[in-house]
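Report on the structure given below.
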2 protein chains.
Amino acid sequence: MISRKTKYALQALGRMAASPAGEPMLIADLAARERIPRKYLETILVTLRKGGVLQSRVGRGGGYQLALPPAEITLARVVRLLEGEFAPLPCLADSEPVCCDECDDLATCGTRLVMADVKRAVTVTLENLTLADLAERSRAAAARQRGLVDFSI
Amino acid sequence: MISRKTKYALQALGRMAASPAGEPMLIADLAARERIPRKYLETILVTLRKGGVLQSRVGRGGGYQLALPPAEITLARVVRLLEGEFAPLPCLADSEPVCCDECDDLATCGTRLVMADVKRAVTVTLENLTLADLAERSRAAAARQRGLVDFSI
DNA sequence: TTTATGTCTATAATATCTATAGGAAATAAT
DNA sequence: ATTATTTCCTATAGATATTATAGACATAAA
């Protein structure tokens, strides 16, 4: 289960990915259109900016925009910024894996060995999805819903 | 990240899978050997019993044992019992998917469409792993660590 | 200089997870 | 029968994490 925070981030980024590049979007607009608490969204966007996914400009005419083309922003990157490095167990962290208190030996822990498979599966999946995929799938689903045959799938 | 509860469950089940079948194990022993708070483990084992993964007998000579051969107990089943059905988002639940408050339409939500891939990846992985895998990997790792070449990999 | 905008730090509110307590019920041995 | 052993049940306390809000501050354009 991803946190609500991460979900909000993906919604906001999806909206930006689907909007014309070059036009900064306002926090307040994003919050209203995606129904995200505004102050909460602020903190999320700051995290994304510090992580290199967003650019911002302060002052009149300012706002947020993607720092890279949507196809170059993987979901893995976004999720990592908000949830931290993905690891089903603390002992499976890439950087400084920590053995659980109750474990004698990380290297022979069966739980860790099987959960490593889960980590790999999730990582591969998230590395291969981008904001472009997110936006495109949404667009295609909406087109399909309107009864149109969508030839660009 | 799996909860500590689920981790405890896997540790205890792994221990049982690696022990000779037919001999019930005591909560107190499992708790001591895996360093799990005893009362907490009790509640976990009850959940597993109600879920059909464990059998128990009360009274002297009683205890817990697996209700099925380790190879027939998938991690998916265990994780589902403890964490609930796996779904990265509430709208991706198999039974009664619930659209997020802030979403207009579940069917065209891009976030949901990409997270469906993650759900699939995790589900497939967990369905294909069993307690036998967990126990065997631990055994093999321990053998390897002792400097033995392990031919049974 | 005024208005519009993001930034930062702190903290409140809520939810979830982890752990414990204490006794009830069941079973086997004596 | 009685006792020792063991799981079962219900409730609740304690700890931690998540979600949300507040308010003062900094920056930039008109």
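Throughout, protein chains are lettered first and strands after them, A, B, ... in sequence-line order, and every chain is numbered starting at 1. As the structure is a prediction and not an experimental result, all values here were calculated from the model.
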> Picking from dA29(D), dC8(D), dT19(D), which would you name as closest to the side chain of K5(A)?
Replying inline: dT19(D)

> How about L54(A) and M16(A): do any of their side-chain heavy atoms sit closer than 4.5 Å?
Replying inline: yes

> If you pin A28(B) and P37(A) to their nearest nucleotides in DNA chain D, which one's is more 5'?
Replying inline: A28(B)

>> By nearest atom, which of the nucleotides dC9(D), dC8(C), dA19(C) is closest to the K50(B) side chain?
In response: dC9(D)

> Atom CG of L82(B) and atom P of dT18(C): how far apart are they, to the nearest Å?
Replying inline: 10 Å

>> Would you say I2(A) ends up clustered with V118(A) if hydrophobic residues are merged whenever their side chains have heavy atoms under 4.5 Å apart, either directly or through other cluster members?
In response: yes

> Hey, which of these two, T43(A) or G62(A), hits DNA chain C nearer its 5' end, going by closest nucleotide?
Replying inline: G62(A)

> Could you state the CG-C1' distance from D29(A) to dA4(C), rounded to the nearest angstrom?
Replying inline: 13 Å

> Hey, which of L129(A), T130(A), L66(A) is the one that makes side-chain contact (heavy atoms from CB on, under 4.5 Å) with I73(A)?
Replying inline: L66(A)

> Looking only at side-chain N and O atoms, does R38(B) come under 4.0 Å of OP1 or OP2 in dA19(C)?
Replying inline: no

> So what does M25(A) touch, heavy atoms closer than 4.0 Å: a base, only the sugar-phosphate, or nothing?
Replying inline: sugar-phosphate

>> Main chain of Y40(B), side chain of T43(B): is a donor-acceptor contact present, judged purely on distance under 3.5 Å?
In response: yes

> Is L45(B) touching bases, backbone alone, or none of the nucleic acid, heavy atoms closer than 4.0 Å?
Replying inline: nothing

> Do the side chain of T125(A) and the main chain of A121(A) share a donor and acceptor less than 3.5 angstrom apart?
Replying inline: yes

> Quick one: is dC8(D) close enough that its OP1 or OP2 comes under 4.0 Å of any side-chain N or O from S56(B)?
Replying inline: yes

> What nucleotide among dG22(C), dG6(C), dA22(D) has an atom nearest to a side-chain atom of L26(A)?
Replying inline: dG6(C)

>> What is the separation between atom CE on M1(A) and atom P on dT19(D), rounded to the nearest whole Å?
In response: 11 Å

> What nucleotide among dG6(C), dT18(C), dT3(C) has an atom nearest to a side-chain atom of Y64(A)?
Replying inline: dG6(C)

> Rounded to whole angstrom units, what separation is found between the CD atom of Q55(A) and the P atom of dT7(C)?
Replying inline: 12 Å

> So, do E85(A) and K119(A) sit near enough that their side-chain heavy atoms are less than 4.5 Å apart?
Replying inline: yes

> Which whole-number value in Å describes the distance from K39(B) NZ to dA11(D) C1'?
Replying inline: 12 Å

> Picking from dT27(D), dT7(D), dT3(C), which would you name as closest to the side chain of I27(B)?
Replying inline: dT7(D)

>> Rounded to whole Å, how long is the line connecting atom CD of E42(A) with atom C1' of dC25(D)?
In response: 12 Å

> Closest to the R60(B) side chain: dC9(D), dA29(C), dT5(C)?
Replying inline: dA29(C)

> Of the nucleotides dT18(C), dG23(C), dT5(C), which one has an atom closest to the side chain of S3(B)?
Replying inline: dT18(C)

>> With a 4.0 Å cutoff (strictly under), does any side-chain N or O of R4(B) reach OP1 or OP2 of dA19(C)?
In response: yes

> Atom OH of Y40(B) to atom P of dT10(D): distance rounded to whole Å?
Replying inline: 18 Å

> V58(A) has a side chain; which of dC8(D), dT20(C), dT5(C) sits nearest to it?
Replying inline: dT5(C)

> Under 4.0 Å between a side-chain N or O of R49(B) and OP1 or OP2 of dC9(D)?
Replying inline: yes

>> Does a side-chain N or O of Y8(B) approach OP1 or OP2 of dA19(C) to a distance below 4.0 Å, or not?
In response: yes

>> Please report the distance, rounded to the nearest Å, between CD1 in I2(A) and C1' in dT18(D).
In response: 14 Å

> In terms of side-chain heavy atoms of R57(B), which of dT21(D), dA28(C), dC8(C) is nearest?
Replying inline: dA28(C)

